[in-house]
Trainee: 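First the structure, which I've put down as structure tokens, then a few questions once you've had a look.
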Amino acid sequence: MTVARLLGLAGLFVPCQQLASGRVLKLKSKSSMHVGRPMKEMMPWYHSADEIHDKLSQLANGGCHGADFDISQRSEVNSGAAAGQVVQLDVLHISRSSSGTGRPKTRAMMVYGEHARELISPESALHFVETLCGDGVSASRASAVLDNVSFTIVPVANPVSRKLVEEGQYCKRTNEDGVDLNRNFGDAHRVSSADEPGEEMNPGPSGFSEPESRIIRDLVQEEKPDIYLSIHSGAYLLGTPFGFTADQTPDNEASMMEVLKPISDKYCAGQCPYGNLARLIHYENPGCDIDYVRESAGTPYVFTWEIYAGEEYRSRYIEQARMQNGVGDDSPDDAMSLAAVNRTRLRAQARLRGAMVRPEDDIDVESCLNQFNPRSEGETQSVVERWTNAYLELCEEVARKADEPKPQQAAAATSATSVTSSSGDAQPESTASLEESWPSLAALSRPGSV
């Protein structure tokens, strides 16, 4: 990180024009944007959004064996910065008419690619759908899951910006309006003061201001899923509500943790931590989809999974997982020393919290590629195969728990907001405060993930 960048983060140097209104307008010419070579030149094994659509359409037209497959499109007209543009999302419904138990099937909804730069997320969606349709080494396992689970899948949730990423804008996180879709789900916890066009965590002018988030919201209300899974990359974790605070958990947190522990053990080799999302990422992310789905729809099993982080970025999550699993130094003196260091570090981070609200055009392309996506065909294939089995295991475990008590969806608006404080474990210092919740100092030069 350059000296000028550090000064800018500290508020001592602002390379932009200050408007009379007090808002800052970032001046960025197209020629100065960080753009790489097109995706098909750099990483030709990744499927483009059009190729994903075409393959899914082929499956829907008789290529899906052993399951009923329907593909449809949901459209909304943009009324924001890209006013008039029609945004269209593919929506998949995959099921089998028979049920192995005779009871109603578990309903799973899975959303991929909310952040355009996370290429591995839609790639994972394609592999998972192909497996449900009878292809690959896990086809028999998928067939058994279809006896008990029906699926609603959004394979590419940010299609307009996804095209820009394919053209070489590998740090593009937001949608066509420059809004972070995973900060746009309602106004209940939204931080309106963070509405800064061009910033990668811009929540937009209001909750559900964006066509993509409105389409997903309407699908959630229609489908009333038992499982909601939002798939991301750039970190390495299995998150539960809530993203807006580390101090509250849903009333069935223990049940969700029971589902996640074996998945972490099997598919991350115990190296991805699991639990409250805000606590895992060390900062609050109000306006995220999982909080809305939990509070509004009353969905009992709601998760954000971060399925890939480059080796350089994965180490801090591995260390978190080691601590969660009780692996490491048990010395009380060392633990106290570490806690003191963390408190000092968090206070320093609070003074530099502006680093987390940053223009996505300022982020280095190579850094984004390394953080968010596998850089070889072999690693890409390994990631999608591993997480396909993790998705199947999630569905298996929740289906087994179907007869256990869970929040009543009919009373979603009230019961889903009835949360409990995290149990007797010691809480991080001032975890409810944004100032005390930012990532490690080393991460200040890196783009966000969730």
Trainee: Have D68 and S97 got a donor and an acceptor in their side chains that come within less than 3.5 Å?
Mentor: no
Trainee: Counting heavy atoms not belonging to E311, are there more than 12 under 6.0 Å from its CD?
Mentor: no
Trainee: Between D265 and K261 (salt bridge meaning N to carboxylate O under 4.0 Å), is one present in this structure?
Mentor: yes
Trainee: Verify whether one side chain among Q320 and Q324 offers a donor that lies under 3.5 Å from an acceptor in the other.
Mentor: no
Trainee: Is the closest side-chain donor-acceptor distance between E223 and H93 under 3.5 Å?
Mentor: yes
Trainee: Do NZ/NE/NH1/NH2 and the carboxylate oxygens of K163 and D50 come within less than 4.0 Å?
Mentor: yes
Trainee: List the steps, then state whether side-chain contact (heavy atoms from CB on, under 4.5 Å) holds for E166 with R162.
Mentor: CA-CA 6 Å; E166 292 171 9; R162 165 69 187 227; 2.8 Å; yes
Trainee: Does NZ or CZ of R117 fall inside the cone over Y170's six-membered ring, less than 6.0 Å from its centre and within 45° of the axis?
Mentor: no
Trainee: Using only atom types and a distance under 3.5 Å, with no angle test, would you say the side chain of S382 pairs donor to acceptor with the backbone of G378?
Mentor: no
Trainee: Which of these passes side-chain contact (heavy atoms from CB on, under 4.5 Å) with L238: T304, L260, L277, L394?
Mentor: L260
Trainee: I'd like to know if the side chain of Y267 pairs up with that of E393 as donor and acceptor (distance under 3.5 Å, no hydrogens or angles considered).
Mentor: yes
Trainee: Determine whether the side chains of S230 and W305 contain a donor N or O and an acceptor N or O closer than 3.5 Å.
Mentor: no
Trainee: Does either side chain, that of E295 or that of H189, offer a donor lying less than 3.5 Å from an acceptor on the other one?
Mentor: yes
Trainee: Run the ring-ring contact (aromatic ring centres under 6.0 Å, His included) check on F208 and Y292 step by step: do they pass?
Mentor: CA-CA 11 Å; F208 297 115; Y292 169 79; 5.0 Å; yes
Trainee: Please answer whether the main-chain N or O of H115 pairs with a side-chain N or O of R173 as donor and acceptor at a distance below 3.5 Å.
Mentor: no
Trainee: Just by distance, do the side chain of N78 and the backbone of V87 share a donor-acceptor pair under 3.5 Å?
Mentor: no
Trainee: Would you say the side-chain atoms of S255 and Y301 include a donor-acceptor pair closer than 3.5 Å?
Mentor: yes
Trainee: Mind listing the closest non-hydrogen atom pair of C395 and A108 along with its distance?
Mentor: SG-CB, 4.3 Å
Trainee: Does D180 offer a backbone N or O that forms a donor-acceptor pair with the side chain of N175 under 3.5 Å?
Mentor: no
Trainee: Are side-chain N/O atoms of E385 and H127 paired as donor and acceptor at under 3.5 Å?
Mentor: no
Trainee: Considering non-hydrogen atoms only, spot the tightest contact between G243 and C288 and give its length.
Mentor: CA-SG, 4.0 Å
Trainee: Rounded at 0.5 Å granularity, tell me how far OG in S124 sits from CE in M110.
Mentor: 7.0 Å
Trainee: Has E118 got a side-chain atom pairing as donor or acceptor with G113's backbone, closer than 3.5 angstrom?
Mentor: no
Trainee: Is there a donor-acceptor pair closer than 3.5 Å between any side-chain N or O of N373 and the backbone N or O of L119?
Mentor: yes
Trainee: When the ring centroid of Y317 is compared with that of Y274, is the distance short of 6.0 Å?
Mentor: no
Trainee: For N252 and R294, test the side chains for any donor-to-acceptor distance below 3.5 angstrom and give the result as yes or no.
Mentor: yes
Trainee: Out of curiosity, C64 SG to F69 CZ, how far, rounded to the nearest 0.5 Å?
Mentor: 6.0 Å
Trainee: Donor-acceptor check, side chain of K224 to backbone of Q221, threshold 3.5 angstrom: yes or no?
Mentor: yes
Trainee: Can you tell me how far the CG atom of L92 sits from the CD1 atom of I71, to the nearest 0.5 Å?
Mentor: 5.5 Å
Trainee: Have N182 and N285 got a donor and an acceptor in their side chains that come within less than 3.5 Å?
Mentor: no
Trainee: Working to the nearest 0.5 Å, report the span between CD of E51 and CG of L56.
Mentor: 11.5 Å
Trainee: For a quick check under 3.5 Å, do T174 and K172 share a side-chain donor-acceptor pair by atom type?
Mentor: yes
Trainee: Got a salt bridge between E222 and R74, using NZ or NE/NH1/NH2 to carboxylate O under 4.0 Å?
Mentor: yes
Trainee: Would you say E114's side chain and N158's backbone share a donor-acceptor pair under 3.5 angstrom?
Mentor: no
Trainee: Supply the atom-to-atom distance C272 SG to I307 CD1, rounded to the nearest 0.5 angstrom.
Mentor: 11.0 Å
Trainee: Any chance the side chains of T240 and E253 put a donor and an acceptor closer than 3.5 Å?
Mentor: yes
Trainee: Between CG of D90 and OG of S57, what distance do you get to the nearest 0.5 Å?
Mentor: 6.5 Å
Trainee: Cut-off 3.5 Å, side chains only: do N370 and Y313 have a donor facing an acceptor?
Mentor: no
Trainee: Name the orientation class of the two ring planes belonging to Y236 and W387 (parallel below 30°, tilted from 30 to 60°, perpendicular beyond 60°).
Mentor: perpendicular
